[in-house]
Colleague: 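Take this structure first; my questions come after.
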Amino acid sequence: PEHSSQDLLEHMVALLKHNPNFQIIEAVKAARIPILRLKFGRALDVDLSFQNVEPLPNTQLLRAYVDLSPRLQDLGVLVKIWAEAAGVCGAPKGHLSAYSLTLMAIYFMQVDPSLCLPALPTGVFDGQPG
């Protein structure tokens, strides 16, 4: 049987309450796409959504860049932590999203002559598996 996004959100809340690595910040149930806002390991903010395939191409793009240069993952996390500490991260607050900041980190790695990260054709990332 298919479950609603709200049902899945409630189920995840129940599971994550018992996981010491996660702190539940907020359950946004009334949004078009319900989101569970979490903190992982007391340092990293995570937004978890359910039955939403719109971000999959973005995720595929980031995964492809991390596969090319694993240090990008660390740089992306570092930039996000810095931006949150500086109070300049978060589209709902009128700032750039963590995804946008990560794209800026990718651009930096593409234009820095010592890093030479290639530009990938974004059209190939369609959210489909494989």
Colleague: Nearest 0.5 angstrom please: M12 CE to S5 OG, how far?
Modeller: 13.0 Å
Colleague: Do F22 and L8 share a hydrophobic cluster (ILVMFWY, side-chain heavy atoms under 4.5 Å, transitive)?
Modeller: yes
Colleague: How far does CD of Q6 sit from CD of E10, to the nearest 0.5 angstrom?
Modeller: 8.5 Å
Colleague: Considering all heavy atoms of both residues, which atom of I24 and which atom of L36 are nearest to each other, and what is their separation?
Modeller: CG2-CD1, 3.9 Å
Colleague: Looking at CZ of R63 and CD of Q73, how far apart are the two atoms once the value is rounded to the nearest 0.5 Å?
Modeller: 6.0 Å
Colleague: What are the two closest non-hydrogen atoms of C89 and K93, and how far apart are they?
Modeller: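 Where C89 meets K93 most closely, the heavy atoms are O-NZ, 3.9 Å.
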Colleague: Kindly give the heavy-atom pair with the smallest separation between V13 and A27, and that separation in Å.
Modeller: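 It is CG2-CB, 4.5 Å.
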Colleague: Which heavy atom of S49 sits nearest to which heavy atom of I33, and what is that distance?
Modeller: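 The pair with the smallest heavy-atom distance is CB-CG2, 3.8 Å.
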Colleague: Do Q23 and L38 have side-chain heavy atoms sitting under 4.5 Å apart?
Modeller: no
Colleague: So, for A43 and E84, which heavy atoms are closest and what is the spacing to 0.1 Å?
Modeller: O-OE1, 4.1 Å
Colleague: For V88, what are the other residues in its hydrophobic cluster, where any two members join if their side-chain heavy atoms are less than 4.5 angstrom apart?
Modeller: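 Once heavy-atom contacts under 4.5 Å are chained together, V88 belongs with W82.
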Colleague: Apply the hydrophobic cluster definition, ILVMFWY joined by side-chain contacts under 4.5 Å directly or through others, and give me every member besides V124.
Modeller: L61, L62, Y65, V66, L68, L72, L75, V79, L96, Y99, L101, L103, M104, I106, F108, M109, L115, L117, L120, F125
Colleague: Check this for me: K39, atom NZ, are more than 12 non-hydrogen atoms of other residues, nucleotides or ligands nearer than 6.0 Å?
Modeller: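 Counting other residues, nucleotides and ligands, NZ of K39 exceeds 12 neighbours.
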